[in-house]
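I have placed the structure first, in the form of structure tokens, so that the comments after it can refer back to it.
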Amino acid sequence: MDNFKMKYEVPGGITSIMPSIPADLLSYINCIESLPVYKRESTLPKRDVNLLSLYADNNINHMPTNLMPERDPKTGKIICYEEVINNPIFQSEGNTIPCLKSMNSQCTVNQNEDNTFQFHFDPNDLPIAPGMSDKLKINQNDQNTPINICAIDTTVEDEWTEDVGGFWDDEVPEIVSQPDNIPEPISVDEINHIKKDENFVLKISGTAERALVKSKWVEELDISKPIDNFDELLPDPAYKWEFELDTFQKQAVLKLEEKSSVFVAAHTSAGKTVIAEYAIALAKKHQLRCIYTSPIKALSNQKFRDFKKKFGDVGLITGDFQVKPEAQCLIVTTEILCSMLYSDSDKIKETEFVILDEVHYVNDRDRGHIWEQILIMLPKRVKLVMLSATVTNVIDFANWIGRTRDSKIYVVFTLYRPVPLEHYLYIGSNTSMEMKDNMHLIRKADSGFLIQGYRKASDLLKKNKEVKKYQESKSFKDQKPKWVNFLRFLDKNNLFPTVVFILSRKKCDMMAETLKNSVNFLLNNKESQANEYFFNDAIKKLKPEDRALPQVVLMKELLCQGIAVHHSGILPILKEIVEMQFQKSLVKCLFATETFAIGINMPARTVVFDAINKFDGIEKRNLAPAEYTQMAGRAGRRGHDDSGTVIIMANDQLPNDRELTNMMLGKSAKLESQFKVSYSIILNMFKKKNSETLEEILGSSFIEAARAKKKDEYTEELNSLKIIHENDNWEPTGKQDLTVKEFYLYAKEYLDCRNEDWDKLYAASDKSFSEIGRFVIITHQHYIGNLAIILSSNTKKVPREFRVLVLDNDKANNEESENKIDSWYKFIYLSKKKRLLNKSLDVISNNAHTILTITSNSIFAITKFSGNFDNDSIIKNWEMRQNERFRDAAISTHCQRAITMLSEKTLLLNRAENDDSVISLLDLGIDNFELHRTMLHMHALENQVYNIELSDIIAFEEVLPKKGM
């Protein structure tokens, strides 16, 4: 090995900067712990080395052994390992694996004179192992089959025994007995709370309470609490439904009554249309107009039919035709509404509500900018009702709208789908029509990806490829038997009506035409005649030459057989016929493109994906998570189905499991600006009277939202700096004023130095000072000079963030609840009036406590105290008690222990005559020269601040805001 020289050079003799692969490999072989996988965290505790234990007896045990872990009963963390002998012969019943329990009662064990064992059993009575389809088969002539086990004891040669006596004495390390570390027992109350709150422990329900967003421009409504007095709050509603509204619908309706704008981000089929209906009814009650917009004509046509039945006075304006444009409720496309705004239409002047359906369409690359223009140009007196699928940045988008329109936007979410979905891979069986033989579950409801179902589907597909030759061909005629068999399978398992998404208009037409005259089993004679009669009645006003168009003739034939096609290339009248018959369940199988999934309220029992990739005009790619969720959301009819079924067809090959996982479990869509300046926008700006300039439009767009938000923050910071600058020029008039002036200048310089350099000093100090369990003194808001325990830290944030446990006095909170900026509390701490906790508050007797998230700048002193706490348990117990359901739950043992220690240390610090328990800046152990010089400067400023005597200042806390802030 010494002759093997690791050299890695590039031509010319220059040493390469790339790592040497042979050298790395050799280092891994010599020390496996140097592998990257071992560098994160060692999960195996160190074992005590005892070489003599290998040769302690003359008898060597040949039986296999196992390392049995001993775990902490509370956390499950491995404490140590114990090596135990696996003796299957004398294994107790409790340790026997399940498949051997039934076997042990029917077998006998005989020990021979030579210490061997014979194991007798009947091969016919062998149990079936878990996961196996049949028992193990043993071919024996005799029914009783003996098995010989080797002798347990074997004698070692005397020479080796003599070597053992003293050869290893010098190399055996001394073994020091360690005291037994007995874990703290779990209290009965803690166990009971764990049993009662299984959802909290597992965190699978998604109902964990979080802080609701509330700011100047956006406010999130709380849907976790039901509104039981809805009828009292709204005694005279503008519209009544025959069913009970969900909580999120009630919240939105109440805000509409308050003449506020709402943003509803809800799952598919959750009932967003209810809120739009109430806005229409409310505008009608006020004798004003309501405008409903949609991104596609198909959705506009459907809403026109639905709203006309409910409200009567409804008009429709699209690019194809106009119906009653003077109506009280107008259904328009977004482009039509944008044109109305540019032309200053009189219809806008009489409008109270504008309903923007499918707002997430703002992400559309070609048309998304239309939504932004509408939101910018709509008069501010017009209230908005925005309906959208679930997206990740609703708050940011609503905040931009509120700032642009100078009015608060109320946001409401839904937490789950009303009808859960089950996702399957369809392979198809040669002989069976049963679901278990054809479809394989890969995701159920809100679970993760089920890899077992994927593997079963993959194995079955490999077998079927040898038989089903039509799968190897991409011709629709060759795939016809496959689809006919698939539709028969859906029919047998009651999975109709079904929407088959084929992401190509041409393929949709070809598939439907291929299946023509082969699916007569979908409809009975009565249903087929109903479709034919309705179709003839709908087209009777067309000209004879129009009724003879190939598309019209083909659609009639398809409808009579229970199938249809829906995409943007179909004539509008034919699409309307298909939509109406699909709602009546007279279209069993609909071949459609993804436009059918955008907002159209036509749920089906089943959704089928012919493929999961599409061409988006630039490249061929897999469906994005938002696109898949939108289309799959058509499955499941509320009030009819317990769950919706989503089927992905396996054609030539199975989609990659990672691609499926990303598509099904990926993040929701993020709303992004698609605003662009075009010639049409510039011309429309000139055409519109009293319009904003192009610069104002651009500045108000969503793409500038982040800058606008930063502008507000900078403006606020600038105003505060102006106030501080004015205070710097404050001229004292008396002796006390001079003292306050001196204190303020030194304290301000000290705090500026802390804000700039304290995080660097803290990071460069001894790691034990920032360890978990360290007691520190903090000043954060009204917690002035409070002793706190560090529970966790986030070193990725700048400055670093900590979660700390502090005692919380409710009375003190009320007294300190004035609206003051954070620097005011820090000045009060430095004034030495509240350097530590208030002397009148020795111990907080009611165990009141809270957990704060602070930055390193809020840590003003580090104490010499530290403790060993179960920090995760403390945080979980506190978070659980923030939930309304568990607010009165008992404090856990770990949390109570930390509170007790915190109270004791607080009492100790308050009664101490000096600060011996507090670590000085000079003791932080800073090695860096520049940081050491900074530390000395900060220490000098700290002494100057603390040496100023302020005890004679009358009402110092009232004087400081006037003079010093």
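One finds the CD atom of Glu219 at 4.5 Å from the NZ atom of Lys408 (value rounded to the nearest 0.5 Å). Rounding to the nearest 0.5 angstrom, the gap separating the CE atom in Met901 from the OG atom in Ser866 is 8.0 Å. A distance of 10.5 Å separates CG of Asp752 from CE of Met938, quoted to the nearest 0.5 Å. Here Leu805 contributes atom CG and Ser792 contributes atom OG; the two are 11.5 Å apart, rounded to the nearest 0.5 Å. Between the OG atom of Ser858 and the CD1 atom of Ile777 there is a distance of 13.5 Å, given to the nearest 0.5 Å. Put simply, CH2 on Trp878 and CD1 on Ile899 are 12.0 Å apart, with the number rounded to the nearest 0.5 Å.
Thr853 has its side chain within reach of Glu801: a pair of non-hydrogen atoms, C-beta onward, lies under 4.5 Å apart. Residues Val804 and Ile789 have side chains not in contact (no heavy-atom distance under 4.5 Å, counting atoms from C-beta outward). With contacts defined as side-chain heavy-atom distances shorter than 4.5 Å, the pair Arg897/Ser892 does not qualify. In this structure the side chain of Val218 never reaches within 4.5 angstrom of the side chain of Arg403, judged on heavy atoms.
Geometric assessment of Arg774 against the ring of Phe802 yields a negative cation-pi assignment under the 6.0 Å and 45° thresholds.
Between Asp872 and Lys876 there is no salt bridge, since none of the side-chain N atoms of the basic residue sits less than 4.0 Å from a carboxylate O of the acidic one.
Formation of a donor-acceptor pair under 3.5 Å by the Thr779 side chain with backbone atoms of Gly785 is found in this model.
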Candidate pair Thr855 and Asn857, rule side chain to side chain donor-acceptor pair (under 3.5 Å), full reasoning: CA-CA 5 Å; Thr855 61; Asn857 292 334; 4.6 Å; no
Ile395 vs Phe413, side-chain contact (heavy atoms from CB on, under 4.5 Å): CA-CA, chis, key distance, verdict: CA-CA 11 Å; Ile395 298 298; Phe413 299 92; 4.3 Å; yes
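Screening Val394, Ile223, Asp222 against Val412 for a side-chain contact (heavy atoms from CB on, under 4.5 Å) leaves a single residue, Ile223.
Between Tyr750 and Phe860, the two ring planes are tilted [angle within 30° to 60°].
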